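We use all heavy atoms of the structure for the numbers below, so side chains are in, but hydrogens, waters and symmetry mates are not. Quick caveat: nothing in here was measured; it's all calculated off a predicted structure.
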Amino acid sequence: MLQISRSVQLAEAEVEMTAIRAQGAGGQHVNKVSTAIQLRFDIHASSLPEFYKSRLLALQDQRISQSGVIVIKAQQYRSQEQNREDALARLLSLIRSVAQVAAKRVATKPSRSSQRKRLDGKSKRGQVKAGRGQVRDY
């Protein structure tokens with residue numbers, strides 16, 4: 001069982017992991033050993049609460065396909081087991097990020113004194129720059 005929160009758990013049977021060959025440099029090792037892991041997780045068929053499902057499907061994330069399947073490819077490590085743990089950790093962090101509700105932003109206005117200070121600073125700066133002009137002889 002994968003622990004998402006105190007009350008929400010995910011069965012490991014819902015997560016499909018297949019070993020594939022990793023991309024990139026690595027010589028003979030990368031060409032003959034399937035160390036990369038491709039994780040597939042179907043949001044619609046999962047046992048997640050509806051709140052999680054709807055928030056996951058609303059995400060604009062390139063790892064989530066049109067049909068609602070999360071695809072994560074882990075190939076950072078040379079061992080298959082480390083890549084498996086990395087893929088699961090990335091899936092859990094994605095699901096947990098959806099559970100956090102952002103705090104409401106309270107609109108504020110700058111105070112009158114801060115506005116005055118800002119305008120005074122701007123006019124002083126303008127006077128300094130005006131004083132840098134060419135000196136004229138009359």
Could you pull out all donor-acceptor pairs under 3.5 Å where a side-chain atom in residues 82-95 meets a protein atom, sequence neighbours excluded?
{"from": "Gln82", "atom 1": "OE1", "to": "Ser79", "atom 2": "OG", "distance (Å)": "3.4"}
{"from": "Asn83", "atom 1": "OD1", "to": "Gln76", "atom 2": "N", "distance (Å)": "3.2"}
{"from": "Asn83", "atom 1": "OD1", "to": "Tyr77", "atom 2": "N", "distance (Å)": "2.9"}
{"from": "Asn83", "atom 1": "ND2", "to": "Thr35", "atom 2": "O", "distance (Å)": "2.9"}
{"from": "Asn83", "atom 1": "ND2", "to": "Tyr77", "atom 2": "O", "distance (Å)": "2.9"}
{"from": "Asn83", "atom 1": "ND2", "to": "Ser79", "atom 2": "O", "distance (Å)": "3.4"}
{"from": "Arg84", "atom 1": "NH2", "to": "Gln80", "atom 2": "OE1", "distance (Å)": "3.2"}
{"from": "Asp86", "atom 1": "OD2", "to": "Arg90", "atom 2": "NH1", "distance (Å)": "3.3"}
{"from": "Arg90", "atom 1": "NH1", "to": "Lys73", "atom 2": "O", "distance (Å)": "3.4"}
{"from": "Arg90", "atom 1": "NH2", "to": "Lys73", "atom 2": "O", "distance (Å)": "3.2"}
{"from": "Ser93", "atom 1": "OG", "to": "Ala89", "atom 2": "O", "distance (Å)": "3.4"}
{"from": "Ser93", "atom 1": "OG", "to": "Arg90", "atom 2": "O", "distance (Å)": "2.9"}

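- Using a 4.5 Å cut-off between side-chain heavy atoms of Ile, Leu, Val, Met, Phe, Trp and Tyr, with links allowed through other members, Phe41 and Met17 fall into the same hydrophobic cluster.
- Residues Lys129 and Arg125 form a side-chain contact, since some pair of their non-hydrogen atoms from C-beta on lies under 4.5 Å apart.
- Val106 pairs by the side chain to side chain contact (heavy atoms under 4.5 Å, CB included) definition with nothing, not counting sequence neighbours.
- Considering CG of Leu57 and CG of Leu59, their distance stands at 8.5 Å, rounded to 0.5 Å.
- For the atom pair Gln38 CD and Gln75 CD, the distance stands at 10.5 Å (nearest 0.5 Å).
- Separation of atoms OG1 (Thr108) and CZ (Arg105) is listed at 6.0 Å; rounding is to 0.5 Å.
- No side-chain heavy atom of Ile72 sits under 4.5 Å from any side-chain heavy atom of Ile37.
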Side-chain donor-acceptor contacts of residues 114-123 below 3.5 Å, not counting sequence neighbours, with atom names and distances?
{"from": "Ser114", "atom 1": "OG", "to": "Ser111", "atom 2": "N", "distance (Å)": "3.2"}
{"from": "Ser114", "atom 1": "OG", "to": "Ser111", "atom 2": "O", "distance (Å)": "2.8"}
{"from": "Ser114", "atom 1": "OG", "to": "Ser111", "atom 2": "OG", "distance (Å)": "3.3"}
{"from": "Ser123", "atom 1": "OG", "to": "Leu119", "atom 2": "O", "distance (Å)": "3.4"}
{"from": "Ser123", "atom 1": "OG", "to": "Asp120", "atom 2": "O", "distance (Å)": "2.9"}

